[in-house]
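As structure tokens, the structure follows; a few thoughts come after it.
Heads up: numbering here begins at 1 and tracks the sequence.
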Amino acid sequence: MNKNLYVLALGVFGITTTEFGVIGVLPEIASTFRISIEKAGWLLSIFAMIVAVFGPFMLFLLSSLRRKNLLIVSLLIFVAANILSAYISNFHMLLIVRMLPAFFHPVYWSIALSVAGQNSDPQEKSKAVSIIFSGLTLATVLGVPLATFMCDLFSWRSSFLLTAFINGIALIGVWIYLPSIQNTGISSNKFSMKVFRNKQLWSGLFLAFFIITAMYSTYGYMAEFLRSVTRMDGEQISIMLFLFGTAGIAGNKIAGKYMSKFPFQTTFVFLILLSGIHLLIGYYGNHFVPMVLIVGCWGLVHSGGFLISNINVTSSTLDASEFINSIFTSCGNFAVTAGTLLGGAWIAHYGIEHIIWSSITGLALAVMMVFIKKKYTETKL
């Protein structure tokens, strides 16, 4: 089963590199099209917004199709969209092309997470899910910094071609090595509306929203912060993104280990540590050497955010796992959109050097939701 999960994680690596690979090249895209960095940030926001709005509907629409075929078609669309993006000379057309694969992003994520949850023991669910999220971590380790490096070495267009290649490798891997996946379906006659009356689920979704919003409010503009505040050049920023992701490998594993045993404590400690790191970023942001150390610690903690958010949502109910994962994917991408928009607005009003306070605000709200969710959990027990 682990082999199947790693194959699925390879696809997650490809589609996540497409979504977040633009983070390191936003300054160059903004310069090419002569637009502000906040407007360039829509390349991340619009992708996340499409996923957020259409995620569950796409899963309903395609519920009768074979799961492996859906995975292959999704990756094929990601390959084509990235190739097209590399040759577009108009910013608004680039935004439109970025929207196309976004419709299939939640389809892939929901199927992958459902396979992990349904084919593992309850005690091992966090570890199985962490394998899927290792694809997200790998995208942070390799995908995003490689895209940034290609941009610095050649141009931002070459970063899209690299992303197309990564998705192509993932497509071949899924096609050749992944066995057929049982179609669980989420048709309306199998789905009960009682899911939406689950207070634990709603508290988990709000918690996930605040966590991911806080994470991406600053992380979405990490390259611009390192360039403008820390005064790093393109090559140094690529190295920092690689360091960030490399540290995240350990962070994702640690989060998976402890969330299965101590979910409340792990979530609370994560929020406190991430808040502290953002305060350090604000204080030492214009100091080169301290920021190198801080970026490593930032990646270690940050990487566990999606996994922690997912477990807080999916542990709230055992019903309709594919649908719940599609809801989580939508929630997460709403949060990515909210985070990048909040970060962009914060930059416009207060400057890039003060962006960490937008994340601190979201983390404070997340801490409140942790205790609210704990209350509902204890009440149910």
Side-chain angles (χ1 to χ4, degrees), residues 48 51-52 55-56 106 109-110 113 116-117 122 125-126 129-130 132-133 136 195-220 248 251-252 254-278 301-321 323-343 357-381:
V51 175
W109 263 109
S110 300
L113 290 172
K125 180 181 177 181
S126 294
V129 172
S130 73
I132 300 299
F133 276 100
L136 171 61
V195 169
F196 289 111
R197 295 193 292 269
N198 187 327
K199 293 181 179 180
Q200 282 193 76
L201 174 61
W202 282 107
S203 60
L205 287 170
F206 276 109
L207 173 59
F209 178 82
F210 289 133
I211 288 176
I212 298 170
T213 296
M215 288 165 57
Y216 280 86
S217 182
T218 298
Y219 174 64
N252 187 68
I254 292 170
K257 177 181 178 181
Y258 287 101
M259 274 301 289
S260 60
K261 299 177 181 178
F262 313 106
F264 168 76
Q265 294 90 334
T266 303
T267 304
F268 182 73
V269 169
F270 163 80
L271 293 172
I272 297 301
L273 289 176
L274 195 59
S275 298
I277 287 169
H278 278 80
V301 177
H302 174 100
S303 65
F306 268 107
L307 172 62
I308 289 170
S309 299
N310 177 263
I311 298 301
N312 273 296
V313 171
T314 57
S315 63
S316 302
T317 178
L318 299 177
D319 297 326
S321 63
F323 182 75
I324 295 301
N325 277 306
S326 73
I327 292 292
F328 167 75
T329 305
S330 290
C331 173
N333 281 273
F334 263 126
V336 170
T337 303
T340 52
L341 292 178
L342 176 61
W357 293 106
S358 61
S359 292
I360 296 294
T361 303
L363 290 169
L365 293 171
V367 169
M368 293 172 55
M369 286 307 308
V370 168
F371 288 97
I372 292 173
K373 185 176 188 300
K374 185 172 185 286
K375 176 184 176 182
Y376 285 135
T377 303
E378 291 174 344
T379 301
K380 185 176 181 180
L381 294 175

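Counting heavy-atom neighbours within 6.0 Å of Tyr258 OH, excluding the residue itself, gives a total of 12 or less. Within 6.0 Å of CZ in Phe206 there are 12 or fewer heavy atoms belonging to other residues, nucleotides or ligands.
The minimum heavy-atom distance linking Lys373 with Ser203 is given by the pair CG-OG, 3.4 Å. In terms of heavy-atom proximity, Ala338 sits nearest to Phe209 at CB-CZ, 3.8 Å. Between Thr218 and Ser359, the shortest heavy-atom contact is OG1-OG, 2.6 Å. Among all heavy-atom pairs drawn from Ala255 and Gly304, the shortest one is CB-CA, 3.9 Å. Residues Gly248 and Ser303 share a closest heavy-atom pair of O-OG, 2.9 Å. Closest approach of Ala208 and Val313 over heavy atoms only: CB-CG2, 4.0 Å.
Between Tyr219 and His302, the ring planes are tilted. Angles from 30° to 60° get that label.
Between the OG1 atom in Thr213 and the CG atom in Leu342 there is a gap of 8.0 Å [rounded to 0.5 Å]. Residue Gln265 holds its CD atom at 10.0 Å from CE of Met259, rounded to the nearest 0.5 Å. The CZ atom of Phe328 sits 9.5 Å away from atom CG of Asn312, with the distance rounded to the nearest 0.5 Å. Distance check, rounded to the nearest 0.5 Å: CG of Leu341 to OG of Ser358 gives 11.5 Å. Note: Ile372 CD1 to Trp202 CH2 = 14.5 Å, rounded to the nearest 0.5 Å.
Applying side chain to side chain contact (heavy atoms under 4.5 Å, CB included) to Val367 and the options Ile211, Leu271, Leu207 leaves one that passes, Leu271.
Side chain of Thr361 to backbone of Trp357: a donor-acceptor contact under 3.5 angstrom is found.
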Show, in sequence, the C-alpha distance, side-chain angles and deciding distance for Val336 and Met215, and conclude whether the side-chain contact (heavy atoms from CB on, under 4.5 Å) test is met. CA-CA 8 Å; Val336 170; Met215 288 165 57; over 6 Å; no
